[in-house]
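Report on the structure given below.
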Protein chains: 2
Amino acid sequence: MSHLGYPCLMALDRDHVLRSAAALLTRKSTATMDEVARAAGISRATLHRHFAGRDALVRALEALGIEECEAALDAARLDEGPATDAVHRLVREIEPAAGLLAFLYTENQLFEGEEQNQGWTRIDDRVAGLFRRGQRSGEFRIDLTPAWLTEALYGLLASAAWAVSEGRVARKDFTHMIVELLLGGALRREES
Amino acid sequence: MSHLGYPCLMALDRDHVLRSAAALLTRKSTATMDEVARAAGISRATLHRHFAGRDALVRALEALGIEECEAALDAARLDEGPATDAVHRLVREIEPAAGLLAFLYTENQLFEGEEQNQGWTRIDDRVAGLFRRGQRSGEFRIDLTPAWLTEALYGLLASAAWAVSEGRVARKDFTHMIVELLLGGALRREES
DNA sequence: CCCAGGTGAGACATGAATGTCTCACCTGGG
DNA sequence: CCCAGGTGAGACATTCATGTCTCACCTGGG
């Protein structure tokens with residue numbers, strides 16, 4: 001049966017393994033294949049049947065991260081309405097993937113290679129485009145470049161994900177904290 | 001001579017090795033002891049004469065990072081004047097150490113151990129105290145906790161250091177970008 | 001019942017990084 | 001000149017994660 005294509009359970013298992021690995025590696029980026037396997041409730045042998053090796057696993061996680069990121073970008077409808085609201089929607093949509101993104105963000109070996117997954121470039125462009133749109137519409141200040149605002153958003157997402165998993169801040173405040181700091185800043189203001 | 005204490009050149013060499021290692025590991029956190037040695041212009045044997053092993057090297061880097069951080073905190077005189085200005089001074093003073101801090105920030109194995117260097121706790125407290133002072137004085141908004149503002153500052157420092165080393169943003173804008181985003185946010189405003 | 005396919009457990013080899021050691025060099029001070 | 005101390009080069013053993021393999025199990029469908 002299986003030689004007619006991957007079994008129906010395979011995809012579910014694979015996804016489950018991927019989620020477990022993401023959750024574990026987010027906390028302990030140096031976890032061994034054995035730890036990853038046990039975290040997913042399977043044996044190391046079975047883990048190797050799903051992913052050829054650690055490299056393949058990380059690549060699969062990268063693909064998953066890109067996929068969830070682009071799904072969040074789609075769901076946030078970046079082109080609609082005020083850029084401010086679009087940023088808010090984006091952060092809200094991306095929150096579930098923030099842990100995985102934080103892991104991939106620190107896995108800089110992914111980017112030092114000659115061929116980095118161009119999915120990240122696509123994502124960068126879309127996010128930077130959102131900030132550029134906000135600048136053109138007069139919503140965002142123009143002395144901070146879209147590239148920096150994009151990097152800053154990534155950094156805040158990673159910081160918040162890390163802080164939440166450490167219990168230093170409440171998970172329910174995730175979106176509010178990031179959006180308010182990124183857009184509003186820490187200064188108190190009189191107006192509105 | 002050397003048995004009377006460490007030779008005078010030892011400290012300089014050790015510091016030079018530490019700086020080189022910090023610069024290299026900031027770019028490539030998985031660099032081997034051999035790469036670290038060659039980056040410092042010494043042999044692996046000599047590197048092992050300075051630091052018992054990779055673990056000792058990372059610990060020394062951690063101590064260096066804490067030291068530079070506290071030196072920056074001292075130089076920024078966090079208790080003087082408006083908190084806004086103190087934040088500005090802090091970022092300016094901490095900029096040279098940002099690369100090293102970014103490396104240590106991702107080296108989360110340092111924190112998962114039972115005994116984390118309490119230097120970080122001291123630093124956290126001082127930074128959070130600065131934000132708390134700004135809130136009490138009415139300069140900073142109170143709906144963002146000092147703990148989150150502290151984490152956000154770390155995240156922005158790491159993001160900026162990484163973006164600068166990747167050439168995505170200009171090094172000369174480092175302090176301005178961080179301070180303006182952290183305090184002012186991305187929104188354009190009419191008033192001053 | 002029987003068996004094909006997936007699984008877990010574990011043995012085994014491999015490779016890489018590490019830590020330790022020896023030895024020759026060379027350099028500067030006595 | 002001589003030599004003590006630091007150094008570089010390299011051999012060597014060790015450790016650990018990884019990748020591959022075999023084998024027994026057991027489970028569900030024919």
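This is a predicted model, so every value here is computed, not measured. Quick note: numbers below take in every heavy atom, side chains included, and nothing from hydrogens, waters or symmetry partners. A note on names: the letters A, B, ... follow the listed sequences, proteins ahead of strands, and every chain is numbered from 1.
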Phosphate OP1/OP2 of C:dT7 contacted by A:Ser43 side-chain N/O (<4.0 Å): no
Euclidean distance, atom CG of residue B:Leu47 to atom P of D:dT7 [Å, nearest integer]: 12 Å
Whole angstrom value for the distance that separates P of D:dG5 from CG of B:Asp13: 18 Å
Do the charged groups of [X] and [Y] touch, with an N to O distance under 4.0 Å?
X: A:Asp85; Y: A:Arg89; result: no
X: B:Arg168; Y: A:Asp124; result: no
X: B:Arg141; Y: A:Glu180; result: yes
X: B:Glu107; Y: B:Arg54; result: no

Dot-bracket notation for DNA chain D, counting Watson-Crick and G-U pairs under 3.5 Å, with | for partners on another strand: ||||||||||||||||||||||||||||||
B:Glu35 (side chain) donor-acceptor with B:Thr32 (main chain) under 3.5 angstrom: yes
[X] vs [Y] side-chain heavy atoms within contact, under 4.5 Å:
X: B:Leu104; Y: B:Trp120; result: yes
X: A:Val17; Y: A:Ser20; result: no
X: A:Val91; Y: A:Leu153; result: yes

Nucleotides 14-20 of chain D: protein proximity per nucleotide (B base, S sugar-phosphate only, - neither; heavy atom, under 4.0 Å): ---SBBB
